[in-house]
Amino acid sequence: MLLILLNSLLLFVFKTDYYAFYLAAMIVCFAWQAHWVMPYIPGYPTEVPGAKTPLSHTVKILTANVLMSNRNATHLLACIHQHRPDMILTLESDEWWQAQLHAIHDDYPYRVAVPQSNLYGMHLYSKLRLTDTQVAYLVESDIPSIHCHVEMDGSTVVHCHFLHPAPPSPTENTSAKPRDKELLCIARQVRPDLYPTIVTGDLNDVAWSPTTRAFRARSGLLDPRIGRGFFNTFHADYVCARWPLDHLFHSHHFHIIDIQRLEHIGSDHFPLLTELHLTQ
């Protein structure tokens, strides 16, 4: 898009005969891209209704890719203390991060620890009771995911899936197939028509990509960002190069109370905080 724009300006300066063609190509490309991202612009019709007060049966989830090489846990601990989420998912967390987060154990008695030093460790901390907890390696033997049932009010059980599939990368996977396969595997497993469901994590994919759109179409899960904003979580250090890699999708059983991209914690990702109201 940028190259077409620069070409168009250059051709305009030199009064070339092909200026109209390039300008038309630029407009078509812009319209095509805008078509996919338009739903994430504030003001677009929302997909998930906003919750109304008074509220009960709520859950607040913090998803944070901590960056394994980041050796300053102070910011994340301060973030947890300030926002007091019911559940915390950390990604890229290794043994060092596990030791630092021991400080929150008293407040989060239900925990699942999968420390790894390959950028795909993950930890789940919860104030809510976890049952039927499973650590699975759905596609690749060193890429875990966490699956569990969460008891919200002693009777209602929410099925939760916490993911961090590997992206296509010259140093890791040469294609996106493993990531895509993991997302579609979860899409086939969930049954939002039968029970409340939440899927969250660093999916290493933008919300409007063909894979994520296929995941949502197959799973039937909703995106609370539609009509509310992009909530770009990566890259935290580059203002002009950010896009949404961290996601939370949920079933129709929930309304949205709040969704926020939180402050910088020293990682290349911003944390994502989402608060939901269980309505059914």
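Small disclaimer: the values here were computed from a predicted structure and weren't measured. Values below: every heavy atom of this structure, side chains too, minus hydrogens, waters and symmetry copies.
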Looking only at heavy atoms, which two atoms of Pro192 and His252 are closest? And how far apart?
-> O-CE1, 3.2 Å
Take Asp94 and Arg71 through the salt bridge (charged side-chain N to carboxylate O under 4.0 Å, His left out) test and state the conclusion after the steps.
-> CA-CA 11 Å; Asp94 56 6; Arg71 288 307 187 230; 2.7 Å; yes
Is there a donor-acceptor pair closer than 3.5 Å between any side-chain N or O of Thr212 and the backbone N or O of Val206?
-> yes
d(Thr197 OG1, His250 NE2) to nearest 0.5 Å is 11.0 Å
Donor-acceptor pairs under 3.5 angstrom involving side-chain atoms of residues 74-88: please list them, not counting sequence neighbours.
from, atom 1, to, atom 2, distance (Å)
Thr74, OG1, Asn72, OD1, 3.1
Asp86, OD2, Lys60, N, 2.8

Looking only at heavy atoms, what is the nearest atom pair of Thr200 and Leu89, with distance?
-> O-CD2, 4.1 Å
Test item: side-chain donor near acceptor, Asp180 and Thr211, under 3.5 Å | yes
Might you point out which heavy atoms bring Pro271 and Glu263 nearest each other, and give the distance in Å?
-> CD-O, 3.3 Å
Step through the shown structure and confirm whether more than 12 heavy atoms of other residues, nucleotides or ligands are within 6.0 Å of NE2 on His105.
-> yes
For Phe249, check ring-ring contact (aromatic ring centres under 6.0 Å, His included) against everything at least two apart and list the hits.
-> Phe215, His247
With under 30° as parallel and over 60° as perpendicular, where do the rings of His164 and Tyr120 fit, or are they tilted in between?
-> tilted
Give a yes or no on whether the backbone of Asn204 and the side-chain of Arg179 come within a donor-acceptor separation of less than 3.5 Å.
-> yes
Sub-3.5 Å donor-acceptor pair from the side chain of Thr279 to the main-chain atoms of His253, do we have one?
-> yes
Counting heavy atoms not belonging to Asp142, are there more than 12 under 6.0 Å from its CG?
-> yes
For Tyr195, ring-ring contact (aromatic ring centres under 6.0 Å, His included) partners two or more places apart | His159
What about Phe231 and Trp243, are their ring centers closer than 6.0 Å?
-> no
Tell me, with the steps shown, if Arg216 and Glu47 meet salt bridge (charged side-chain N to carboxylate O under 4.0 Å, His left out).
-> CA-CA 12 Å; Arg216 293 189 57 232; Glu47 184 170 81; 2.4 Å; yes
Could you go step by step and tell me if Ser267 and Asn70 meet the side-chain hydrogen bond (donor to acceptor under 3.5 Å, both in side chains) rule?
-> CA-CA 6 Å; Ser267 172; Asn70 173 21; 5.7 Å; no
Short side-chain donor-acceptor distance under 3.5 Å, His277 and His255 = no
May I ask you to decide if the ring planes of Tyr125 and His123 are parallel, tilted or perpendicular, using 30° and 60° as cut-offs?
-> parallel
Is any side-chain heavy atom of Pro165 less than 4.5 Å from a side-chain heavy atom of Leu203?
-> yes
Would Asp107 and Lys127 count as a salt bridge (charged side-chain N to carboxylate O under 4.0 Å, His left out) if you check the C-alpha gap in whole Å, the side-chain angles of each, and the deciding distance to 0.1 Å?
-> CA-CA 7 Å; Asp107 294 327; Lys127 295 179 180 179; over 6 Å; no
Tyr137 side chain reached by Ile143 side chain, heavy atoms, under 4.5 Å = no
Under the side-chain hydrogen bond (donor to acceptor under 3.5 Å, both in side chains) criterion, do Asp132 and His149 qualify, and how do the steps go?
-> CA-CA 6 Å; Asp132 298 317; His149 296 167; 2.8 Å; yes
Please tell me if the side chains of Phe234 and Arg242 come closer than 4.5 Å, counting only heavy atoms from C-beta onward.
-> no
